[in-house]
Visitor: 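The structure that follows is given in the form of structure tokens.
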2 protein chains.
Amino acid sequence: MTSQIPEVVILRLPLYLRILTLLEEENAGVVSSQELGARLQMTPAQIRKDLSYFGKFGKQGKGYNVRLLLGELRQILGVNREWHMAIIGVGRLGKAILDYGMLTPRGFKIVAAFDIDPQQTGKKVGRVVIQDLAELANTVKNRGIDIGIVAVPPSQAQQAIDCLVGCGIKAILNYAPVAPRVPKDVRIQEVDPVLALQTMTYHLKSLGSP
Amino acid sequence: MTSQIPEVVILRLPLYLRILTLLEEENAGVVSSQELGARLQMTPAQIRKDLSYFGKFGKQGKGYNVRLLLGELRQILGVNREWHMAIIGVGRLGKAILDYGMLTPRGFKIVAAFDIDPQQTGKKVGRVVIQDLAELANTVKNRGIDIGIVAVPPSQAQQAIDCLVGCGIKAILNYAPVAPRVPKDVRIQEVDPVLALQTMTYHLKSLGSP
DNA sequence: CTGTGTGAAACATTTCACAGCC
DNA sequence: GGCTGTGAAATGTTTCACACAG
């Protein structure tokens with residue numbers, strides 16, 4: 001009964017969600033896999049197959065109803081609700097993440113901030129008051145925190161991660177450029193622009209000037 | 001003669017580079033694929049196979065010399081030099097990227113900043129003076145810019161990207177949550193924490209409380 | 001006639017397992 | 001004995017091509 005959806009498919013769903021959101025803003029009523037493929041630079045067949053893992057959302061001869069598919073994808077990804085997050089590390093990077101306006105409107109709200117430095121405790125950043133890391137466990141329970149964000153220097157990253165894991169957090173967004181170790185029931189996603197840059201330089205390197 | 005290295009392998013090389021950098025800081029002289037696998041949560045066989053596409057860097061019975069392998073990987077990825085980047089968009093996000101201390105020490109230097117808003121032109125952010133977008137082509141040539149960073153609002157992203165492409169840029173780091181269109185000889189990498197969060201909520205969703 | 005949904009074929013990637021070297 | 005490098009097997013993913021619905 002485990003239909004076993006490939007992980008690569010899950011990685012692409014947010015891309016579909018993003019483009020459909022843009023299409024809805026453009027008031028597109030219907031879209032074909034052809035058109036989605038052109039916009040996302042991928043084959044129509046792949047899009048159809050990906051979506052078919054979750055149901056039959058299209059109409060033959062017509063395509064997909066944008067609003068309907070958007071709703072389905074939101075449901076599938078679980079983004080038809082608000083998720084609460086806590087951030088650890090309120091240095092420059094942490095402040096920038098708190099200040100980044102794209103999270104809350106997309107359903108991801110940072111409701112608590114922590115720092116190891118006791119000097120920071122009690123200060124306010126945006127809407128949240130910086131707390132001592134010792135209070136994490138309580139706050140996770142009281143405020144219903146689902147996701148942790150790690151924005152501390154590399155040397156403190158594993159400690160912060162262990163702390164989140166110890167509090168029962170099962171999903172972590174990690175900005176520290178380290179190779180963290182987590183139990184296998186905990187998801188961790190790396191955000192490191194340098195990794196992305198390095199894959200590009202690999203290709204740039206072998207590029208003669210035209 | 002095209003040995004054709006799988007793209008997934010290229011995506012993993014920066015992870016190897018990152019862990020080896022940490023290992024060198026810990027003064028590890030030698031490391032086995034076993035140990036790398038444990039640290040990166042992947043199989044030793046995969047690491048050995050990945051590296052074997054580029055040469056024989058290990059010693060049987062011993063493992064890989066950390067410093068040597070680090071040097072090889074830097075060479076392969078093309079990060080044994082400094083890369084020059086230009087950023088477009090100097091709002092909150094753009095300022096945060098300019099302020100992010102992890103780029104320069106890892107060989108990626110932002111040497112120019114641009115904004116569409118003429119009000120911004122001439123102001124200084126960190127070490128760079130904000131220029132008008134019209135000057136992009138000249139600056140790309142004069143300052144030897146290899147990579148563009150897009151940090152404008154979604155509605156202006158495609159315009160910024162077209163501008164970079166028009167100036168001959170072949171690699172773009174895109175922070176705007178859009179589905180950009182670029183010619184196929186241009187690499188573009190998305191940086192969007194929301195995409196990462198959404199793949200995690202997919203898995204969180206189907207997680208009963210224990 | 002257009003465009004979806006989908007088995008089956010083609011292709012890509014990972015894992016296995018072992019020869020060979022330190 | 002321990003560990004790499006690597007063909008070959010196993011597994012996973014994408015593309016094809018077509019029946020069928022609007």
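Letters A, B, ... are given to chains in the order of the sequence lines, protein chains preceding strands, and every chain is numbered from 1.
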Visitor: In terms of the nearest nucleotide of DNA chain C, which residue is placed more toward the 5' end: B:V8 or A:G61?
Guide: A:G61

Visitor: What's the closest nucleotide to the side chain of A:R48 if the choices are C:dT4, D:dT15, C:dT14?
Guide: C:dT4

Visitor: Expressed as a whole number of angstroms, how long is the span from A:L13:CG to D:dT13:P?
Guide: 13 Å

Visitor: Hey, is the main chain of A:I47 close enough, under 3.5 Å, to the side chain of A:S33 for a donor-acceptor pair?
Guide: no

Visitor: Rounding to a whole Å, what distance do you find between B:I10:CD1 and C:dT13:P?
Guide: 11 Å

Visitor: Compare side-chain N and O positions of B:K56 against OP1 and OP2 of C:dC21 and report whether any pair is under 4.0 Å apart.
Guide: no

Visitor: On DNA chain D, nearest-nucleotide positions of A:Q46 versus A:K62: which is more 5'?
Guide: A:Q46

Visitor: What integer distance in Å separates B:I5:CD1 from C:dT13:C1'?
Guide: 15 Å

Visitor: So, OP1 or OP2 of D:dT13: does either fall under 4.0 Å of a side-chain N or O from A:Y53?
Guide: no

Visitor: Considering the options B:L197, B:D192, B:V191, which one meets the side chain to side chain contact (heavy atoms under 4.5 Å, CB included) requirement together with B:L195?
Guide: B:D192

Visitor: Within this structure, what is the NZ-to-C1' distance between B:K49 and D:dG5, rounded to whole angstrom?
Guide: 9 Å

Visitor: Would you say a side-chain N or O of A:Q34 is under 4.0 Å from OP1 or OP2 of C:dG3?
Guide: no

Visitor: Considering only C:dT4, D:dT4, C:dT6, which nucleotide approaches the side chain of A:S32 most closely?
Guide: C:dT4

Visitor: OH of A:Y64 versus C1' of C:dG3: gap in Å, rounded?
Guide: 9 Å

Visitor: At under 4.0 Å, does any side-chain N or O of A:Q60 touch on OP1 or OP2 of D:dC20?
Guide: no

Visitor: Find the distance between CD1 (A:I87) and CD1 (A:I110) and round it off to the nearest 0.5 Å.
Guide: 5.0 Å

Visitor: D:dT15, OP1 or OP2 - any side-chain N/O from A:T43 closer than 4.0 Å?
Guide: yes

Visitor: I need the single residue from A:I10, A:I76, A:L13 that forms a side chain to side chain contact (heavy atoms under 4.5 Å, CB included) with A:I5. Which is it?
Guide: A:I10

Visitor: What is the distance, rounded to the nearest whole Å, between atom CD of A:E72 and atom P of C:dG5?
Guide: 11 Å

Visitor: Whole-Å distance between D:dC3 P and B:L51 CG?
Guide: 16 Å

Visitor: Could you report the tightest heavy-atom contact between B:I169 and B:G148, atom names first, then the distance?
Guide: CG2-N, 3.8 Å

Visitor: Look at the side-chain N and O atoms of A:S33 and state whether any lies under 4.0 Å from the OP1 or OP2 oxygen of C:dT4.
Guide: yes

Visitor: Taking only side-chain nitrogens and oxygens of B:R12, does any of them come within less than 4.0 Å of OP1 or OP2 of C:dT14?
Guide: yes

Visitor: Given atom NZ of A:K59 and atom P of C:dG5, what is their separation to the nearest angstrom?
Guide: 9 Å

